[in-house]
Amino acid sequence: MPGLLLPSIPLFLLPSIHKFSKTGNNKRNAENDGDLPMRQWLKNRRIKEDIQHKEWEKSLIKSKDFKKIFYYNKKTNVRFGLTFMATLIDENIIQDGILPNLLEEEFREIEDIKQLVPVADVQICDDPSLIEQKLLNGYVMLTIETELKHFGFIAAQKEIVRGLSQPEVEFSVIGPKEAFVESMGQNLNLIRKRLPVKELIIEEFTLGSLSKTSVAMLYMEDITNEDNVNTVRQRLTNVKFDAITDSSYIVQLISDNSNSPFPQLLDTERPDRVAGILAEGKVAIVVDGSPHVLITPTTLVEFFSSFEDYFLNWILSSFFRLIRLFAVAFSILITPIYVATLSYHYELIPKDLLSTLITSRREIPLPPILEALFLELTIELLREAGARLPTKVGQTIGIVGGIVIGTASVEAGLTSNVLLIIVALAALASFTTPVYRMGNTIRLLRFPFLFFAELWGLLGIVFCFCLLLTHLIRLTSLGRPFLEPLYPPRVMDMKDALIRLPFEKQSKRPIFLRTKNPTRFSKKKAKEKKDIDE
Amino acid sequence: MKKLILFCLVLLLSGCVDKEILDDINIEVGVGYDLAEDSKDKYRGTVLFQEFQPDKTVINRTFSGSGKLRQDLLLEVTKQSSEPVVTGGLKLAVFGPELAKKGIYDLVDSFQRDASIGARVFVATSEGKALDMLNGEYGTRGNSTYIYNLIRHNIEHRDIPQTNLHILANDYYQDGKDPFLPRLKKTAEDRVEVVGISLFSRDKEVGILPVKDMFFFKLLVDKYSEGNFDVKLKKGDLAAVKSLRSKHKIKITDNHASISINIEGIIREYTGDKLASEVVDTVQKNLEKKVEKESLRLLRQFQELGIDPVGFGQLKKAQHRNFDFKKWKDDYKTLGFDVKCNVTIEETGVIE
């Protein structure tokens with residue numbers, strides 16, 4: 001049983017060598033005098049020890065950026081080595097901060113680096129299993145010949161960070177213009193700056209067997225429901241995946257129903273939005289390397305609320321939210337209704353509209369469904385092409401596609417101009433969704449509706465709507481109902497759902513979050529008149 | 001497995017639905033029925049279609065056929081039409097004079113049974129053949145739209161009481177009420193006008209109400225929201241009362257019905273010198289008197305004809321337990337009436 005034997009050797013050796021190296025350090029001069037057998041014995045031991053060390057080195061040494069350099073201290077003549085990955089560390093830190101001190105000052109043992117090295121993050125440990133991870137996280141490892149069981153780690157990460165820029169997906173004219181970047185440290189800074197209280201807890205996880213991505217879970221200690229926090233923690237620790245390169249991976253890995261076209265975690269690139277929802281009692285997940293922070297638990301209506309709604313007067317923002325909801329319904333349903341009505345329900349068409357529809361369709365060789373599919377696919381192609389092409393070419397394609405292809409297909413008699421207007425409007429309406437991820441879902445939803453409209457007419461649309469509703473009712477986000485406050489009906493939560501009531505009316509946190517402290521502020525105190533008002 | 005079955009059902013069941021693509025069908029928008037000339041129990045039907053031209057004009061196209069059932073007509077028409085004929089767009093049904101006297105309900109019943117025909121189809125009778133009526137060239141939006149709009153705005157603003165297929169069927173099936181229909185006449189190749197109201201007993205036309213009585217008729221059976229009436233004054237002066245709103249209330253006791261009619265309106269035109277408040281009072285009084293007199297005359301006329309378009313029987317039935325309709329038929333003949341009218345002139349325009 002080699003597996004059992006192998007660990008037993010270091011276990012047996014460890015204490016003895018440890019002791020010996022300590023004494024050896026003290027009797028250094030005596031050894032030099034020439035106790036030959038003793039030295040030979042020590043050397044043999046050292047070689048064995050070296051081989052053990054080399055286990056982690058074996059694969060690292062194949063990489064070109066693995067560096068191991070030895071130096072001698074000028075005063076004590078101690079030989080020490082620096083091991084690091086050249087691509088991960090900032091060489092300036094070694095040159096200016098570490099080496100001059102280690103070479104010039106009196107440096108005898110590892111403990112001394114805490115005095116000598118002017119770097120904040122300096123660690124000393126004796127667990128060789130940490131070496132690999134530390135090296136790959138951008139630490140410089142310091143070893144001294146005389147202290148083989150101790151290693152010093154000095155942080156010298158090279159940070160290549162994109163500067164803060166304006167939010168691109170969730171741009172708002174009013175309000176802050178900062179957006180998250182790819183570095184987690186920077187992102188956490190943006191959030192903490194907005195919530196400078198001790199209750200904001202940041203828990204960190206390392207996920208991905210290869211990518212070792214840092215993932216942080218943020219919540220407010222006295223507000224957020226313990227169950228929600230535990231669920232997120234459990235789901236995150238249970239993630240089994242090798243490389244997590246973006247928060248979108250986490251969305252798919254930890255969502256309640258991964259077969260649903262609906263995103264069950266809201267992603268945002270606005271730090272103000274994250275601060276806002278943390279105060280409401282939700283949980284945020286920050287993933288290193290991703291400029292999108294996840295928000296959970298969330299509801300369907302939240303996907304149709306833009307954070308700009310909170311910057312505008314409540315009447316305006318309520319109106320815009322309703323417009324957005326209408327736009328979604330319009331975008332999903334209008335083409336299927338066109339197909340259903342024209343194929344099955346001519347009775348429903350008002351007599352004044354009849355002439356318009358019939359004259360526009362008179363020369364069209366395709367049945368309404370093919371006509372609609374043709375145009376819908378054209379629009380989808382334009383969108384895909386527009387998204388893949390460089391910005392400037394993309395704009396041209398948009399104009400060329402929209403005007404030229406549309407007009408040409410009408411003139412060629414492939415589609416009716418009424419449908420062209422309808423499809424263009426539907427495409428426009430689908431862009432009003434503030435969350436891009438939901439916009440994609442809406443794009444997709446149109447097609448099953450079209451399919452059923454072709455099969456059964458309006459009955460099919462109703463049937464498909466029932467399917468959609470069933471799916472939505474069954475959907476949960478972190479175990480909380482996704483359709484709340486519409487179903488289950490929660491009148492209290494309606495204050496910030498389809499419409500947004502003024503802030504005075506928002507004194508309670510959302511019910512469905514079951515927060516520990518459901519009150520945001522005391523309504524009574526807010527209403528109290530100050531002396532000066534009287 | 002369940003989902004697979006469901007999916008198969010979705011696909012298979014789609015075969016059960018008939019497709020009627022808008023531009024591949026011929027939508028019947030108007031229909032006219034006349035009695036056939038040769039045999040007495042057959043009728044001749046005319047179906048009106050609209051053909052939309054690319055320059056937005058409408059061509060009226062009519063097909064005729066004869067038969068005993070409405071289905072026969074559809075069969076005949078389908079033989080002549082290039083596309084399948086569908087009935088869901090029907091807006092107007094016109095019955096010729098002989099047919100109206102003979103009874104229309106067999107045909108109206110077929111409209112009722114056809115689920116694709118709406119309840120708000122206008123049914124009318126015609127003076128002259130229905131075929132000729134549908135064959136004209138009225139307006140630019142098609143004959144059926146023209147006549148439909150003609151009837152509709154006359155209901156909304158003028159003297160035709162509310163009527164449509166639903167009300168017709170309701171009146172027909174209800175004991176103690178008789179239906180009535182607007183009566184139209186083609187006066188020129190491009191002109192149609194309302195010439196009165198056809199009064200029915202069950203489904204047979206028994207009388208025609210001339211245009212001059214339509215105002216009083218509507219006061220009795222319907223309410224005005226925007227009416228018009230000219231009141232004659234003594235010295236030959238005329239006052240036009242506009243924006244009439246009316247309501248009627250009927251109280252029915254054992255052998256007597258008292259009707260109170262309430263009219264509100266404004267004077268828009270006056271041909272005399274000065275519209276003093278005494279004149280306004282006279283207008284009110286004259287109008288009251290006229291309404292009371294004419295209404296009473298109409299009610300008597302109905303009584304003589306043995307019809308009940310106002311629906312006294314139905315009213316009485318609603319108020320009395322164990323209502324005996326057979327007895328009511330006799331009672332109606334001796335029913336006494338009194339009409340009380342109250343007119344309020346609210347304003348007389350901006351010039352005093």
Side-chain angles (χ1 to χ4, degrees), chain A residues 259 337-372 410-411 413-419 422 448-467 470-471 474, chain B residues 3 6-30 48-60 83-92 114-122 139-149 152:
Chain A
N259 293 328
I337 285 178
Y338 174 87
V339 170
T341 319
L342 260 68
S343 311
Y344 293 103
H345 312 288
Y346 67 92
E347 302 101 325
L348 294 182
I349 304 170
K351 62 179 190 307
D352 297 332
L353 192 64
L354 209 59
S355 133
T356 320
L357 283 175
I358 290 183
T359 38
S360 82
R361 261 199 61 83
R362 178 164 300 278
E363 307 300 323
I364 315 296
L366 304 171
I369 178 70
L370 288 183
E371 188 194 1
V410 168
E411 272 174 17
L414 281 176
T415 54
S416 68
N417 38 22
V418 177
L419 183 65
I422 285 177
F449 273 97
L450 262 179
F451 175 71
F452 278 103
E454 162 64 10
L455 286 186
W456 293 347
L458 285 182
L459 180 71
I461 294 180
V462 172
F463 181 75
C464 193
F465 196 78
C466 290
L467 290 185
T470 318
H471 176 71
R474 289 176 59 170
Chain B
K3 280 178 185 165
L6 194 73
F7 187 74
C8 289
L9 274 182
V10 165
L11 285 179
L12 290 174
L13 282 174
S14 70
C16 302
V17 210
D18 253 349
K19 233 187 205 176
E20 288 160 338
I21 296 176
L22 188 64
D23 50 335
D24 298 338
I25 47 176
N26 237 341
I27 303 175
E28 175 185 340
V29 288
L48 174 70
F49 297 106
Q50 286 173 323
E51 212 166 86
F52 298 101
Q53 296 305 112
D55 59 345
K56 307 271 173 197
T57 54
V58 182
I59 293 178
N60 297 300
E83 272 136 3
V85 174
V86 293
T87 54
L90 194 70
K91 288 267 163 253
L92 179 74
D114 191 338
S116 65
I117 291 181
R120 282 193 275 177
V121 171
F122 282 145
T140 52
R141 288 194 286 173
N143 286 353
S144 117
T145 311
Y146 184 90
I147 299 175
Y148 185 86
N149 287 348
R152 196 184 57 187

Check: [Y] and [X] side chains under 4.5 Å, non-hydrogen atoms:
X	Y	value
A:Tyr344	B:Lys19	yes
B:Leu22	A:Leu354	yes
B:Val10	A:Phe452	yes
A:Lys351	B:Val29	no

* Asked: Are the side chain of A:Tyr346 and the backbone of B:Gly88 linked by a donor-acceptor contact shorter than 3.5 Å?
  ->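 Checked: pair present.
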* **Shortest non-hydrogen contact from B:Lys56 toward A:Thr359** =>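 So the two residues come closest at NZ-OG1, 3.8 Å.
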* Asked: Minimum heavy-atom separation for B:Asp23 to A:Arg361, with atom names?
  ->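 Smallest heavy-atom distance, with atoms named: OD2-O, 3.0 Å.
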* Sequence neighbours left out, what passes ring-ring contact (aromatic ring centres under 6.0 Å, His included) with A:Phe449? Give chain and number order. =>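 Not a single residue meets the ring-ring contact (aromatic ring centres under 6.0 Å, His included) criterion with A:Phe449.
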* To do: Could you pull out all residues at least two apart from A:Phe451 that satisfy ring-ring contact (aromatic ring centres under 6.0 Å, His included)?
  =>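 Testing A:Phe451 for ring-ring contact (aromatic ring centres under 6.0 Å, His included), a comparison that skips the adjacent residues, returns none.
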Chain A contact via [X] - which portion, at a heavy-atom distance below 4.5 Å:
X	result
B:Ile117	neither
B:Asp55	neither
B:Leu90	neither
B:Val86	both

* Please report the C-alpha distance between A:Arg362 and B:Glu51 in whole Å, then the side-chain angles of each, then the deciding distance to 0.1 Å, and finally whether the salt bridge (Lys or Arg N to Asp or Glu O under 4.0 Å) criterion is met. => CA-CA 11 Å; A:Arg362 178 164 300 278; B:Glu51 212 166 86; over 6 Å; no
With rounding to the nearest 0.5 angstrom, report the [atom1] to [atom2] distance, [X] to [Y].
X	Y	atom1	atom2	value
B:Leu13	A:Leu459	CG	CG	10.0 Å
B:Ser116	A:Leu348	OG	CG	11.0 Å
A:Ile358	B:Ile25	CD1	CD1	7.0 Å

* To do: Name the region of A:Glu363, side chain, backbone, both or neither, that has any atom closer than 4.5 Å to a heavy atom of chain B.
  =>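 Neither part, no heavy atoms under 4.5 Å.
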* Asked: Of the backbone (N, CA, C, O) and the side chain (C-beta and beyond), which part of A:Ile349 lies under 4.5 Å from a heavy atom of chain B, both, or neither?
  ->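 Contact with chain B involves the side chain of A:Ile349 alone.
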* Who wins among B:Thr145, B:Ile27, B:Asp18, B:Asp24 for the most heavy-atom pairs under 4.5 Å with chain A? ->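 Greatest number of close heavy-atom pairs with chain A: B:Ile27.
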